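Numbers here are sequence positions counted from 1. Quick caveat: nothing in here was measured; it's all calculated off a predicted structure.
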Amino acid sequence: MSIWKKPVDLAELNRLGENTLLSTLGIQLTAVGDDWLQGTMPVDGRTHQPFGLLHGGASVALAETLGSMAAIMTLDTREFMAVGLEINANHLKAVRSGLVTGTARKLHLGRATQVWDIRIENEAGQLTCVSRITMAIVPAKVVGR
């Protein structure tokens with residue numbers, strides 16, 4: 001059974017990322033299932049740290065993007081929005097190039113908070129980062145909607 005409030009339109013979600021950090025880092029939402037959302041990010045000059053490895057902050061940006069977009073898709077955004085409350089990440093394996101893929105899965109969907117697990121893998125399917133984000137659910141008017 002799907003957790004989404006309406007059909008997920010990946011093209012529309014990617015349009016929301018235009019002219020934002022998402023487009024700067026090359027983040028693209030690529031796939032969706034009944035209870036998960038997936039996206040990719042290139043590992044290149046935009047996302048490297050000074051020593052040629054994927055920057056931990058870029059991994060966290062991918063994780064937060066996936067968790068935030070997924071959270072929003074579970075809400076009636078005319079009434080509620082989701083905003084980041086806390087995020088953590090463990091960086092498990094270095095990546096120098098290619099594409100990383102993150103998958104966000106719900107851990108908890110409550111009235112006031114949501115918790116999402118995001119796992120990021122390299123092109124070989126090896127786990128490179130695990131992250132968890134807690135989202136606060138707030139009235140849409142709080143964020144100007």
Side-chain angles (χ1 to χ4, degrees), residues 1-49 53-138 140 142-145:
M1 183 168 157
S2 179
I3 62 173
W4 314 122
K5 281 286 187 193
K6 59 184 178 181
V8 178
D9 181 346
L10 293 174
E12 176 58 28
L13 291 178
N14 283 315
R15 275 193 294 280
L16 290 174
E18 291 176 358
N19 299 311
T20 70
L21 181 67
L22 282 67
S23 62
T24 300
L25 297 180
I27 294 172
Q28 286 288 305
L29 301 175
T30 56
V32 63
D34 285 343
D35 65 350
W36 55 269
L37 180 65
Q38 194 168 71
T40 60
M41 180 177 66
V43 181
D44 60 21
R46 296 172 287 181
T47 57
H48 279 158
Q49 42 95 307
L53 300 174
L54 175 60
H55 194 294
S59 293
V60 172
L62 175 60
E64 183 154 0
T65 297
L66 293 169
S68 296
M69 291 290 208
I72 288 168
M73 296 308 299
T74 68
L75 302 171
D76 178 347
T77 55
R78 295 170 297 183
E79 293 185 44
F80 299 101
M81 286 300 291
V83 295
L85 190 59
E86 189 271 340
I87 189 167
N88 66 51
N90 295 99
H91 307 289
L92 307 173
K93 186 169 184 62
V95 183
R96 291 190 176 278
S97 62
L99 201 66
V100 290
T101 300
T103 304
R105 293 184 187 277
K106 63 123 176 141
L107 295 176
H108 167 73
L109 298 180
R111 285 183 296 182
T113 62
Q114 294 185 5
V115 180
W116 292 83
D117 176 70
I118 302 97
R119 295 180 175 266
I120 300 173
E121 299 177 344
N122 63 18
E123 290 178 310
Q126 298 168 318
L127 193 59
T128 63
C129 179
V130 293
S131 181
R132 186 179 64 223
I133 188 168
T134 303
M135 304 296 295
I137 309 307
V138 298
V142 170
V143 291
R145 291 203 53 131

Query raised in the report: With no hydrogens and no angle check, is any side-chain donor or acceptor of Asn14 less than 3.5 Å from a backbone partner on Gln28?
Result: no
**Report entry** Side-chain H-bond candidate by donor/acceptor type, Gln38 with Trp36, under 3.5 Å
**Finding:** no
Report task. Drop me the distance from Glu121's CD to Thr128's OG1, to the nearest 0.5 angstrom. Result -> 7.5 Å
Query raised in the report: OG1/Thr74 to CZ/Phe80 distance, rounded to the nearest 0.5 angstrom?
Result: 11.0 Å
Query - Met1 side, atom CE; Asp35 side, atom CG - distance, nearest 0.5 Å - result: 11.5 Å
Query raised in the report: Where do Leu75 and Met81 come nearest, in terms of heavy atoms and distance?
Result: CD1-C, 3.7 Å
Requested in this report: Please list, chain by chain and in numerical order, all residues satisfying side chain to side chain donor-acceptor pair (under 3.5 Å) with Arg15, sequence neighbours excluded.
Outcome: Glu12
Query raised in the report: If you measure from CG on Leu22 to CE on Met69, what distance do you get to the nearest 0.5 Å?
Result: 5.5 Å
Query raised in the report: Can you tell me if Thr113 uses its side chain to pair, donor with acceptor, with the backbone of Leu109 under 3.5 Å?
Result: no
Report summary line: Sorted by chain and number, sequence neighbours left out, side chain to side chain donor-acceptor pair (under 3.5 Å) with Asp34 holds for none
Requested in this report: Check step by step if side-chain contact (heavy atoms from CB on, under 4.5 Å) holds for Leu62 and Leu25.
Outcome: CA-CA 9 Å; Leu62 175 60; Leu25 297 180; over 6 Å; no
Report summary line: Rounded to the nearest 0.5 Å, the CH2 atom of Trp4 sits from the CD1 atom of Ile72 at a distance of 11.0 Å
Report summary line: Only one of Leu54, Thr47, Ile120, Leu53 passes side-chain contact (heavy atoms from CB on, under 4.5 Å) with Val95, and that residue is Leu54
Report summary line: d(Ile118 CD1, Ile133 CD1) to nearest 0.5 Å is 6.0 Å
Query raised in the report: Excluding sequence neighbours, so at least two apart, what forms side chain to side chain donor-acceptor pair (under 3.5 Å) with Arg119?
Result: Asp117
